[in-house]
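First comes the structure, then the notes that go with it.
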Amino acid sequence: MKRRSFIKSLGSSFALASILNIKSSHAEEKTQFKWKMVTSWPKNFPGLGVGAENLANLINILSNNRIKIKVFGSNELIPPLEVFDFVSKGGAELGHSGAYYWKGKSPGCQFFSSVPFGLNAQEMNAWLYYGGGLKLWEKLYGAFNLIPRPAGNTGAQMGGWFNKEIKSLSDLQGLKMRIPGLGGEVLSRAGGVPVTLAGSEIFTALQTGTIDATEWVGPYNDRAFGLYKAAKYYYFPGWHEPGPTIECLINKTAYNTLPQDLQFIVDTACKAINIDMLSDYTAKNNLALQYLKSKNIVIKEFPREIMNKLRYISKQVMKEISTHDSITKEIYVSYNNFQKNVSPWTEISDKSFLNIR
Ligand code: CA
């Protein structure tokens, strides 16, 4: 498809799934910047991996091939959790990943993906774009020669798959659950045993009883892993990941070599993928949920007693990590204030509406 007709097609439908296979007819000689993108996802993994490919393709197309990006799935060039360091050092110009993987750099990173009982996807975007969040994110990553951009969101996740019914807090005691990051820390303080496993290892661990429970993403991605064949109880809500932002990491030196119009194209493409991935997840989760309902599983809401306890612990954990360094403190204060101030609006807008729909 020619660039002009592609741009024209954007006007009528901005669903980017269709651009995966578009190969521009423009000659290679137009390319001024040959870039690499490393990701934390298997190549073309539904939602996340496709989002990375779409981002690269969109930059190629919008820049009229002046920037040409080659995308690498996890382990093709580097392991999934080395994306941050690799882009920071200039091994690749771009990365596509999740900020909570980098809590070892600073605990503050975690606020830029998802916080237990924190902001949902819509509120995250509001905080990042219009609430000072992105500025703080840039300050945090700037120290590593990186520029961050929101570049995807899974929307609210599910609470996870359990091989037994969870009726009260006592059912969490000793429960071995694959749940990484802050959610895992909260579970451990409630008596559970968090386990960290790569996505590809989850199904077997759950089926063989190595773990009692797991969270992954939501119906769309959980169905792809066949988790409904390994555990019967599927719980909601995803208290630990209410709307995780996916990030694009940009090497700052590389970004600064771009002329201003190409910088704008990279920024705008990230924004486009941010909304596109959320739309994709919402549509596909809906379809996958219908499929899962036809299977022999029980879809249940966590008891309120458990949610109250986990919320209480989450607030404590957030407060504790905020004391780790000054930038984390600054991020914590900004995030918390935003949540405190946006919540009354969400209550009387979205929540009240959904309750009566
Ligand atoms: Ca998850």
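Order of listing sets the numbers, starting from 1, for every ligand and every atom in it. Residue numbers start at 1 and run along the sequence shown. Every value quoted in this text rests on a predicted model; they were computed, and no experiment measured them.
Taking the six-membered ring where the residue is Trp, the centroids of Trp102 and Phe112 are separated by 6.0 Å or more. Between Trp161 and Tyr233, the gap from one ring centroid to the other reaches at least 6.0 Å.
Centred on the Ca ion (ligand 1), the angle running from Glu215 (OE1) to Trp216 (O) is recorded as 80°, rounding to 10°.
Checking Thr154 against the Ca ion (ligand 1), every N/O/S atom stays at or beyond the 3.0 Å cut-off.
Of all N/O/S atoms in Glu241, OE1 sits nearest the Ca ion (ligand 1).
Considering only heavy atoms from C-beta on, Cys248 comes within 4.5 Å of Leu55 through its side chain.
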Run the salt bridge (charged side-chain N to carboxylate O under 4.0 Å, His left out) test on Lys164 and Asp212 for me, step by step, so that the C-alpha distance in whole Å, both residues' side-chain angles and the decisive distance to 0.1 Å come before the verdict. CA-CA 8 Å; Lys164 64 171 186 183; Asp212 307 308; over 6 Å; no
